[in-house]
Amino acid sequence: MAVPKYCDPKTVYTPKDIQTDMLSEHGLNLSYMQAWRAKEKALQFLRANPSDSYNKLPKYFYILEETYPGSVVKLKKAADDCFLYAFVALCTSISGWQHCRPVVVVDGTFLKSAYRGIMLTTSTMDAAGTIFPLAYTVVDSENDASWKWFFEQFKEAYGERPSMCVVSDRNESILKATSIVYPGMPYYSYMWHIWTNIRSKFKKGHLQLHELWTRVHATVNRTFTMTSNIAESLNAVTKEARELPIYDLLGYMRSLLERWTKEKLLKAKGTFTYLGYKFNKELDENNTLSQKLRVRVSTDHLHTVLDGVKRYIVCLETKKCSCGKFQLDELPCAHALAALRHMKETYENYCSPYYTRKSLLLTYEMPVNPLPDESKWDVPQHILDEVVKPQAGDKRQPGRPHKERYKTFYENKVKEVQGVMWKLWR
């Protein structure tokens, strides 16, 4: 169902647009602040009072559990009924997770609604190389307690799998939480935000060498999941939705999963290659490179492949190559493909099962069905009577606080510059 234009968080309708429309359609000349206040009133009318949004959570979580049996949804409150945490992992994600590599990418991002907070997300990569969301959570802040609670709920929903690992940006609270909830499980922090700031100071080759080094020395094979890029991409998708009240935000996330599941299942059914899109493309590139290679010495499983003056040893039995890519990518490299062509073998038995079209179809096998209309919800009275107050702490003040913040910042800068000039003049 299409979202009404002005209810869609992605719709950009600025006070300047309101001024222009009111002047052209009604002949009214509004000031900027009048247009801004009108927009705030309209948004409040569409999205209701942000504090009332918290009281809707108990019945919403009840309907989620009824609509999606096997899901793990949790709501935690403080002793005074103030909101603390909310966790959602739908049964469709839990089912699809079994057909994806057990590499969990986690991240947190700020909410921009009236009561602020942090949204924590976990995701992984599917057989097409695209984002597969696993769970989403709203907490008060990124601290030891919230991350520990988050991973406890995640473990209840997804358990623990062999060769499982966590990838994130550098966050001490995540490291502490994983070491408590998943003792012994590898944790890889990738300083994404730092690298983006200093990227211009390094050549591209240096960054690639750093990524390859982290993969080679990792105790668990993360294959193509070298950074927390998919978490950053998910944050970008939800940028506008993070301005919504918590009830609407959680509804938006569920709708996003519903839409993505349908779209990706259709694409999977329209895929006729053995591997998913990303990995099939990688295999095609390797196959092109393998055309110029020669196999010099060959036994049943051991092959010497020549690439100009360079020599590589390929062992098909152990699925390894001296270049390192065969075993790290779990996909035949150019040298392995040359050896397979020499042996007149196909590549299918030498690819990870997590890359196949079959895994992709199984990942999205269980659909995310739409929720029934809210007017038809049958919720027990004790759930309706449950009280959830907004999280403790100062509410964001109305108006345009960012303007005042920037004003203060620039005033301080001007004073700083004036002070330096005065010292130089003296």
Side-chain angles (χ1 to χ4, degrees), residues 1-11 40-68 71-78 80-90 93 108-121 133 135-141 146 149-150 153 234-235 237-259 368-393 395-396 398:
M1 185 175 66
V3 180
K5 178 182 176 182
Y6 298 112
C7 295
D8 190 343
K10 292 186 178 180
T11 298
E40 291 295 302
K41 285 287 185 181
L43 286 176
Q44 185 173 343
F45 175 76
L46 287 171
R47 300 171 182 173
N49 192 316
S51 62
D52 295 338
S53 184
Y54 289 88
N55 256 335
K56 295 181 179 180
L57 294 181
K59 68 175 182 179
Y60 177 69
F61 277 21
Y62 175 83
I63 292 299
L64 281 182
E65 289 184 311
E66 291 294 306
T67 309
Y68 309 109
S71 300
V72 176
V73 294
K74 295 291 180 67
L75 176 63
K76 184 173 182 179
K77 301 184 293 182
D80 57 356
D81 288 331
C82 286
F83 172 86
L84 280 180
Y85 314 132
F87 177 91
V88 178
L90 297 184
S93 297
T109 184
F110 289 97
L111 300 181
K112 295 173 281 185
S113 59
Y115 292 94
R116 303 298 176 95
I118 303 288
M119 183 167 73
L120 311 180
T121 60
Y136 47 96
T137 302
V138 176
V139 298
D140 53 353
S141 64
S146 62
W149 186 86
F150 171 78
Q153 312 317 310
L234 189 57
N235 290 342
V237 171
T238 60
K239 180 180 177 181
E240 291 83 7
R242 286 185 267 123
E243 296 181 5
L244 299 173
I246 185 170
Y247 174 78
D248 300 294
L249 171 64
L250 295 176
Y252 178 88
M253 294 299 295
R254 190 213 60 81
S255 298
L256 183 67
L257 288 178
E258 180 185 340
R259 177 165 57 86
V368 180
N369 296 318
L371 283 181
D373 187 83
E374 189 171 350
S375 61
K376 299 178 181 178
W377 290 4
D378 184 15
V379 182
Q381 190 60 43
H382 72 276
I383 300 292
L384 295 173
D385 293 339
E386 189 173 345
V387 176
V388 182
K389 300 176 184 177
Q391 56 192 3
K395 178 185 174 182
R396 186 187 72 182

*Trace of the side chain to side chain contact (heavy atoms under 4.5 Å, CB included) decision for Phe110 with Ile118*: CA-CA 5 Å; Phe110 289 97; Ile118 303 288; 3.3 Å; yes
_Using the rule given for side chain to side chain contact (heavy atoms under 4.5 Å, CB included), can you reason through Leu250 versus Phe61, listing the C-alpha separation, both sets of side-chain angles and the distance that settles it, and then say yes or no?_
CA-CA 10 Å; Leu250 295 176; Phe61 277 21; 3.8 Å; yes
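- Note that CG of Asn369 and OG1 of Thr67 are 8.5 Å apart. Values are rounded to the nearest 0.5 Å.
- One distance of note links CE of Met253 with OG1 of Thr137; it measures 9.5 Å at 0.5 Å rounding.
- Side-chain contact between Thr121 and Pro133 is absent, with no heavy-atom pair separated by less than 4.5 Å.
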_If you apply the rule side chain to side chain contact (heavy atoms under 4.5 Å, CB included), what do you find for Tyr62 with Trp377, and how did you get there?_
CA-CA 10 Å; Tyr62 175 83; Trp377 290 4; over 6 Å; no
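- The side-chain contact (heavy atoms from CB on, under 4.5 Å) search around Ser93 returns Phe132, Tyr158, Leu257, not counting sequence neighbours.
- Under the side-chain contact (heavy atoms from CB on, under 4.5 Å) rule, Pro58 has a single partner from Val387, Ile383, Leu384, which is Ile383.
- Evaluation of the ring-ring contact (aromatic ring centres under 6.0 Å, His included) rule for Tyr136 yields no partner, not counting sequence neighbours.
- The shortest distance between side-chain heavy atoms of Lys389 and Lys77 does not fall below 4.5 Å.
- Atom-to-atom distance recorded for Thr109:OG1 and Leu234:CG is 9.5 Å, nearest 0.5 angstrom.
- Taken from OH in Tyr85 to NZ in Lys76, the straight-line distance is 5.5 Å, to the nearest 0.5 Å.
- To the nearest 0.5 Å, atoms CD (Glu240) and CD (Glu243) are separated by 7.5 Å.
- Other residues, nucleotides and ligands place more than 12 heavy atoms under 6.0 Å from the CG atom of Asp385.
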*When you look at Tyr60 and Arg254, which way does the side-chain hydrogen bond (donor to acceptor under 3.5 Å, both in side chains) test go after all the steps?*
CA-CA 11 Å; Tyr60 177 69; Arg254 190 213 60 81; 4.5 Å; no
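- To the nearest 0.5 angstrom, Phe83 atom CZ is 6.5 Å from Leu57 atom CG.
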